[in-house]
Amino acid sequence: MLNFTVGPVMSAPEVLELGAQSAPYFRTPEFSKIMLENEERMLAFLRAPEGSRCVFLTTSGTGGMESVVMNVLRASDRVIAVNGGSFGERFANLSVLHGRETAEIRLPFGAQITAEDLAPFEGAGYTALLVNMDETSSGILYDMRLLSDFCRRNGVLLVVDAISAFLSDEIDMEALGAAVVITGSQKALAVAPGVAVIALAPEALRRVFENPETCLYLSLRQALTNGERGQTPFTPAVTTLLQIHRRLELIEERGGIAAERARIRRIALLFREKIAPYGFAPVAQAPSFAVTALRAPGRNAREIVRVMKDEYDIWLCPNGGEIGEEVFRVGHIGEISEADIETLMKAFAALKARGIIG
Ligand SMILES: *Cc1c(COP(=O)(O)O)cnc(C)c1O
């Protein structure tokens with residue numbers, strides 16, 4: 001299988017080897033050391049400000065988003081949620097579900113956010129903003145400078161879901177003034193699913209310890225307290241955490257996070273150059289390097305995804321709902337080589353020769 005979805009994605013052989021072994025017992029100094037190194041490396045890669053912490057929850061990315069809504073947001077927060085696709089909608093729904101006053105900025109699918117979209121919220125007493133930096137359903141990479149400036153100017157807490165943007169697009173927590181950044185193990189980290197990674201700047205940490213605890217399993221207070229000694233309150237996805245450790249080490253060995261981002265960018269740009277003559281319209285006004293969402297003029301996006309999978313063993317990413325007839329996505333994260341792009345393009349050429357692509 002060649003996997004061009006946006007997660008789970010293909011992993012490096014060094015990471016896969018760990019998946020073939022039994023999970024070790026984890027209440028040990030050896031495992032604690034691994035966890036402390038994971039925390040240190042993640043904070044460095046995210047350029048988190050001094051005094052930040054990072055925790056690893058055994059849950060999917062959405063569990064990380066929900067944990068942040070429950071633990072970092074205050075009951076009194078007035079929340080802005082950027083909603084330009086299914087992940088923005090999820091963030092907004094979580095905020096409403098947990099009783100926060102929530103205003104949505106609804107954007108057309110694939111559209112960039114502008115100062116005009118933010119204008120009604122200037123000086124209007126909002127206290128937190130939730131955004132999926134790369135809205136993975138359309139691949140739009142939001143203008144984080146614009147959002148960061150808005151949040152600074154208005155004293156608004158900036159919460160960034162970078163579940164697909166981490167490692168594909170540039171993130172500097174300190175420069176953005178982001179209080180929280182969330183990512184997940186199965187996206188560009190390219191290991192098994194099961195772990196949400198949450199980095200918290202000092203402002204977010206203060207909120208976690210001031211807020212009343214309203215949950216047990218997703219409690220950030222518990223995760224942070226146990227994390228001080230490199231442990232977790234409950235049995236974690238031990239193997240996935242070992243894989244994260246190896247993966248972060250590999251990134252360092254291969255030249256660091258800038259080199260990894262450059263590799264993903266190269267793969268994304270190579271694909272975009274080669275797909276251009278096929279006449280699919282790109283969906284995102286400003287695409288993330290994690291994924292390319294394309295509109296199939298024949299409204300046969302699902303058919304393209306199915307034929308690629310069933311007949312060529314190449315996995316693309318379908319979209320959910322009504323838009324799924326029109327739009328499919330090609331991911332650029334994970335262990336994808338230039339030779340893999342060649343294989344993918346041969347399959348696109350074959351679909352064209354067969355008349356499946358117009
Ligand atoms: C994948 C993704 C999620 C959800 O992650 P799960 O692990 O499927 O819960 C949330 N936000 C963004 C931006 C994503 O790309």
Side-chain angles (χ1 to χ4, degrees), residues 3-12 15-16 18-19 35 38-39 41-43 45-46 48 53-72 85-91 93-94 130-139 141-142 159-169 171 173 178 180-200 204 217-218 220 223 227 232 234 236-248 250-251 257 260-261 264 288-291 315 317 320 329 331-336:
N3 183 349
F4 292 95
T5 68
V6 288
V9 297
M10 297 187 288
S11 306
V15 166
L16 292 174
L18 291 167
M35 289 301 287
N38 280 348
E39 177 171 11
R41 287 202 175 100
M42 278 303 306
L43 291 174
F45 284 172
L46 288 167
R53 294 282 314 279
C54 182
V55 294
F56 301 82
L57 302 184
T58 293
T59 179
S60 85
T62 307
M65 294 160 73
E66 183 155 26
S67 172
V68 167
V69 167
M70 284 192 288
N71 291 272
V72 177
S86 55
F87 294 108
E89 187 177 3
R90 190 175 300 176
F91 230 168
N93 287 346
L94 282 168
L130 308 177
V131 64
N132 319 89
M133 180 168 158
D134 165 25
E135 166 54 74
T136 320
S137 62
S138 73
L141 181 70
Y142 288 125
V159 174
V160 181
D161 163 1
I163 294 177
S164 64
F166 173 63
L167 291 178
S168 59
D169 302 289
I171 306 173
M173 255 182 105
V180 180
V181 171
I182 309 164
T183 191
S185 56
Q186 85 278 23
K187 300 277 169 94
L189 266 172
V191 309
V195 172
V197 184
I198 306 174
L200 302 125
Y217 186 72
L218 293 178
L220 287 181
T232 53
F234 320 107
V238 176
T239 301
T240 305
L241 290 163
L242 293 175
Q243 289 182 323
I244 289 176
H245 187 258
R246 189 72 190 102
R247 168 71 162 133
L248 296 176
L250 282 172
I251 292 171
I257 188 166
E260 180 63 11
R261 269 201 298 260
I264 293 172
S288 156
F289 289 117
V291 60
W315 295 43
C317 219
R329 293 169 295 162
H332 311 304
I333 53 182
E335 230 22 45
I336 297 172

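Just so it is clear, the values below take in all heavy atoms, side chains as well, and ignore hydrogens, waters and symmetry mates.
- For the pair Thr136 and Ile163, the minimum side-chain heavy-atom distance is 4.5 Å or more.
- How far CD1 of Ile171 is from OG1 of Thr183: 7.0 Å, rounded to the nearest 0.5 Å.
- Residues Ala237 and Val195 approach most closely at CB-CG2, 4.0 Å, considering heavy atoms.
- Nearest heavy-atom pair across Phe91 and Leu130 is CD1-CB, 3.7 Å.
- Rounded to the nearest 0.5 Å, atoms CD (Glu66) and CD1 (Ile182) are 11.0 Å apart.
- Remark: the backbone N or O of Gly19 is not paired with any side-chain donor or acceptor of Thr239 at under 3.5 angstrom.
- Using a distance-only test at 3.5 Å, with no hydrogens or angles considered, no donor-acceptor pair links the side chain of Asp161 to the main chain of Met65.
- Considering CG of Leu18 and CG of Leu242, their distance stands at 6.0 Å, rounded to 0.5 Å.
- Nearest heavy atoms, Arg247 versus Ala188: NH2-O, 2.7 Å.
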Problem set entry | Verdict with reasoning, Gln186 to Val9, per side chain to side chain contact (heavy atoms under 4.5 Å, CB included) | CA-CA 6 Å; Gln186 85 278 23; Val9 297; over 6 Å; no
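- Across Ile244 and Ser185, no two heavy atoms sit closer than the pair CD1-CB, 4.1 Å.
- Distance alone, capped at 3.5 Å, places no donor-acceptor pair between the Glu135 side chain and the Tyr142 backbone.
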Exercise. Yes or no on side chain to side chain contact (heavy atoms under 4.5 Å, CB included) for Phe289 and His332, after CA distance, side-chain angles and deciding distance?
Worked result: CA-CA 7 Å; Phe289 289 117; His332 311 304; 5.9 Å; no
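- Residues Cys317 and Val291 have side chains not in contact (no heavy-atom distance under 4.5 Å, counting atoms from C-beta outward).
- Under the side chain to side chain contact (heavy atoms under 4.5 Å, CB included) criterion, Leu250 pairs with Ala12, Glu14, Val15, Arg246, Glu253, not counting sequence neighbours.
- Closest heavy-atom contact between Phe45 and Ile257: O-CD1, 3.4 Å.
- If you take CG on Leu248 and CD on Gln243, they are separated by 11.5 Å, rounding to the nearest 0.5 Å.
- Judged as a side chain to side chain donor-acceptor pair (under 3.5 Å), the pairs with a partner in residues 53-63 (not counting sequence neighbours) are, in order, Glu39-Arg53, Thr62-Arg90.
- Shown here are the side-chain hydrogen bond (donor to acceptor under 3.5 Å, both in side chains) partners of Asp134, two or more places apart in sequence or in another chain: Ser164, Ser288.
- Counting all heavy atoms, side chain and backbone alike, Glu260 lies closest to Leu167 at CG-CD2, 4.2 Å.
- Between the side chain of Ser11 and the main chain of Ala190, a donor-acceptor pair closer than 3.5 Å is present.
- Under the 4.5 Å side-chain criterion, counting only non-hydrogen atoms from C-beta, Phe166 is in contact with Leu189.
- Atom CG of Leu46 and atom SG of Cys54 lie 7.0 Å apart (nearest 0.5 Å).
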Problem set entry | Residue pair Val191, Leu241: steps toward the side chain to side chain contact (heavy atoms under 4.5 Å, CB included) verdict | CA-CA 9 Å; Val191 309; Leu241 290 163; over 6 Å; no
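- Atoms CG and CE, on Leu218 and Met70 in that order, are 4.5 Å from each other to the nearest 0.5 Å.
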